[in-house]
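Being a predicted model, the structure only gives us computed values, none of them experimental.
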Amino acid sequence: MNTIFAEKSKMNNTNRTFILPVLCIGFLIWLLATLAFRVAGQFFFITDSPLVLTLLYVAVIPALALISVFTFKRFKLFGLEHVVAGVLLVLPGMIIDTFVIQFFEYVFPNMPSGNAATFGSWLMWAYATVLVSSIIVGLPRNTNFIKK
């Protein structure tokens with residue numbers, strides 16, 4: 001428990017200037033990805049091919065993990081700030097994509113409406129990748145963390 005309180009104490013004393021920029025980065029990532037799918041999604045989001053779909057699920061792991069870690073390093077985050085930043089990175093997209101999935105055929109007229117469920121699944125995978133990355137980086141390395 002002492003380690004948890006030490007982490008909280010360090011977070012409370014840190015500079016919180018990373019919050020708005022990280023939210024903006026999250027929004028920018030969402031915007032660029034949405035534009036890519038809007039313009040060319042029909043060429044690379046191919047749900048009929050298990051191989052292509054598997055590659056899309058696998059490719060997102062290192063891509064978003066690297067973006068996450070780069071963001072954490074850019075703002076010199078410490079401990080649980082990584083987790084906060086991970087949440088902030090995905091929050092804009094998760095909120096907006098709630099409506100994007102609902103109105104999939106209007107937002108992505110270039111893709112079959114039958115792709116909406118698979119697209120939503122892929123989005124959840126992408127968001128989970130960022131969150132898990134932030135947890136892995138943000139958890140204390142102390143092996144006694146659980147015991148205390």
* **Side chain proximity check, Trp30 to Val90, heavy atoms < 4.5 angstrom** => no

Considering only distance and modelled atom types, tabulate donor-acceptor pairs under 3.5 Å from the side chains of residues 39-52, sequence neighbours left out.
{"unit_1": "Gln42", "atom_1": "OE1", "unit_2": "Asn110", "atom_2": "ND2", "d": "2.5"}
{"unit_1": "Thr47", "atom_1": "OG1", "unit_2": "Asn115", "atom_2": "OD1", "d": "2.9"}
{"unit_1": "Ser49", "atom_1": "OG", "unit_2": "Val52", "atom_2": "N", "d": "3.2"}

* Tell me, do Leu80 and Val84 make a side-chain contact under 4.5 Å, heavy atoms counted? -> no

* Are Thr98 and Gln102 side-chain neighbours, meaning at least one heavy-atom pair lies under 4.5 Å? -> no

* Structure fact -> d(Arg38 CZ, Leu31 CG) to nearest 0.5 Å is 12.5 Å

* **ILVMFWY cluster, Leu139 and Val83 together (side-chain gap under 4.5 Å)** => yes

* Atom of Gly86, atom of Phe72 and distance for their closest heavy-atom approach -> N-CE2, 4.0 Å

* Asked: Can you list every side chain to side chain donor-acceptor pair (under 3.5 Å) pair that touches residues 123-135, not counting sequence neighbours?
  -> Asp97-Tyr127

For residues 19-26, which side-chain N or O atoms pair as donor and acceptor with protein atoms under 3.5 Å away, sequence neighbours left out?
none

* To do: Would you mind reporting whether Thr34 and Phe108 have side-chain heavy atoms less than 4.5 Å apart?
  => yes

* Indicate if Phe119 and Leu35 have the same hydrophobic cluster label, given that clusters are the connected sets of ILVMFWY residues with side-chain heavy-atom separations under 4.5 angstrom. => yes

* Asked: Is Val107 close to Phe99 at the side-chain level, that is, under 4.5 Å between some pair of heavy atoms?
  -> no

* Of all pairs that satisfy side chain to side chain donor-acceptor pair (under 3.5 Å), the ones with a partner from residues 52-72, not counting sequence neighbours -> Tyr57-Ser121

* To do: Compare every heavy atom of Phe104 with every heavy atom of Ser113, then report the nearest pair and how far apart it is.
  => CA-CD2, 4.0 Å

* Asked: Hydrophobic cluster mates of Leu32, side-chain heavy atoms under 4.5 angstrom, ILVMFWY only, any path?
  -> Leu28

* Supply the members, apart from Val132, of the Ile/Leu/Val/Met/Phe/Trp/Tyr cluster built from side-chain contacts under 4.5 Å; use none for a lone residue. => Ile136

* Side-chain contact test, heavy atoms from C-beta onward, threshold under 4.5 Å: evaluate it for Pro112 versus Glu105 and give yes or no. => no

* Which atoms form the tightest heavy-atom contact between Lys76 and Glu81, and what is the distance? -> O-OE1, 4.4 Å

* Nearest 0.5 Å, what's the CD1-CD1 distance between Ile67 and Ile29? -> 5.0 Å

* Which atom names give the shortest non-hydrogen contact between His82 and Val137, and what distance separates them? -> CD2-CG1, 3.4 Å

